[in-house]
Every structure is written in structure tokens, then in C-alpha cells.
**Student:** 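Would you mind keeping the following structure in view while I ask a few things?
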Amino acid sequence: MFNKSMLPLVFVFLIIGAVVLVFRNYLQQKGVDWQVVSGGNLVLYIVTVVSLNLLTKGMDAVGTQAFLRNAYSGILFKLMACAVAAFIYILIAGGNVNKPAIFIMMGLYFVYTFVEMRIVLMHSKRKKNVEN
């Protein structure tokens, strides 16, 4: 499940985690719950790894249906996992939902999606070069 092509994803996870820990006092002063951001970063990392695994399996598949099944499964898994995580957080937090942390997590979702797409494109280029 883990290979060298996932290193950029690991670096993004570690950099975001380090930034959150270093600037946790600043985040608290601005009204952002740094623990929610750290937990969300972990959830996004895990979800992106699973989604990326499904996408790369789909790219290696022989048939179009297998590719589409894996690609759509990855997208649906990522969407549902993020929705469930947000729902669980909202239930646990009750009336104390930290909206700035949720907006930061939305931004991190786009960062992880960008990195995931870059990895998929690199995998595609490598596969195309091997075939030629």
C-alpha cells in the first residue's frame, strides 16, 4: 500500500503537523482549536492514502470498468469519510463547534487533493514512459 510515490503525501502530512504544533499558541489566540486541526490532518492523510491506493490500482487495471470502479470508489470513499468525520466532530462538540478549524480543514482537503492528483499524474507519466 505504501511506495516511494507517496512520499510527497507523507511530507505534506508531516509539514502540516509540524506547523500546527509550532503555531498552536498563535492558532489558539485566533480562536482556532489546534487539536481539531491536528486530528483532521490525520484523518485527511489516512483518507487520501486509501483514495490514492484505489486510484493507482485503477490506473494499473487492464479494463476501463476496473479503472472507473476504482477511481469512483476512491472519490466516494474520500467524500464519505470526510463527511462522517465532520458529522462525528459536530456531534461530539455539540454547541462548541470550532468553525475556523473546519474552514482550515476544508483548505487542507484541497491541499491533499492537489498532492494526490500530482502523484497520480506522475504515476501516469511513468507508466506511459515504460510502455513506450
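For clarity, every value in this text was computed on a predicted model and none was experimentally measured.
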**Student:** Which distance, rounded to the nearest 0.5 Å, do you find between the NZ of Lys57 and the CG of Leu54?
**Tutor:** 6.5 Å
**Student:** Looking at CG of Leu55 and CG of Asp60, how far apart are the two atoms once the value is rounded to the nearest 0.5 Å?
**Tutor:** 11.0 Å
**Student:** Val20 and side chain to side chain contact (heavy atoms under 4.5 Å, CB included): which partner among Val32, Leu27, Ile15, Leu108?
**Tutor:**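 With Val20 as partner, side chain to side chain contact (heavy atoms under 4.5 Å, CB included) holds for just one option, Leu27.
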**Student:** Do Phe13 and Leu44 come within less than 4.5 Å of each other through their side chains, counting heavy atoms only?
**Tutor:**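 A side-chain contact is absent here, since even the closest heavy-atom pair is not under 4.5 Å.
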**Student:** Whether the side chain of Ser51 engages the backbone of Val47 through a donor-acceptor N/O pair (distance < 3.5 Å, no angle test) should be reported.
**Tutor:** no
**Student:** Looking at Met122, I'd like to know if its CE atom is crowded, meaning that more than 12 non-hydrogen atoms belonging to other residues, nucleotides or ligands lie closer than 6.0 Å.
**Tutor:**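 More than 12 heavy atoms, drawn from other residues, nucleotides or ligands, come within 6.0 Å of this atom.
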**Student:** So do Gln65 and Leu68 actually touch side chain to side chain, heavy atoms under 4.5 Å?
**Tutor:** no
**Student:** I'd like to know if the side chain of Asn70 reaches the main chain of Thr56, judged simply by a donor and an acceptor atom lying under 3.5 Å from each other, with no hydrogens or angles considered.
**Tutor:** no
**Student:** Given side chains that start at C-beta, do those of Val115 and Phe110 come closer than 4.5 Å, heavy atoms only?
**Tutor:** no
**Student:** Looking at Tyr109, does the NZ or CZ of Lys78 lie under 6.0 angstrom from its six-membered ring centre and within 45 degrees of the ring axis?
**Tutor:** yes
**Student:** Would you confirm whether Tyr89, through its side chain, and Gly40, through its main-chain N or O, come within 3.5 Å as a donor-acceptor pair?
**Tutor:** no
**Student:** Is there a side chain to side chain contact (heavy atoms under 4.5 Å, CB included) between Leu9 and Val49 once you walk through the steps?
**Tutor:** CA-CA 8 Å; Leu9 193 60; Val49 166; 3.6 Å; yes
**Student:** What I'd like to find out is whether the side chain of Pro100 reaches to under 4.5 Å of the side chain of Lys30, using heavy atoms alone.
**Tutor:**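 Not in contact.
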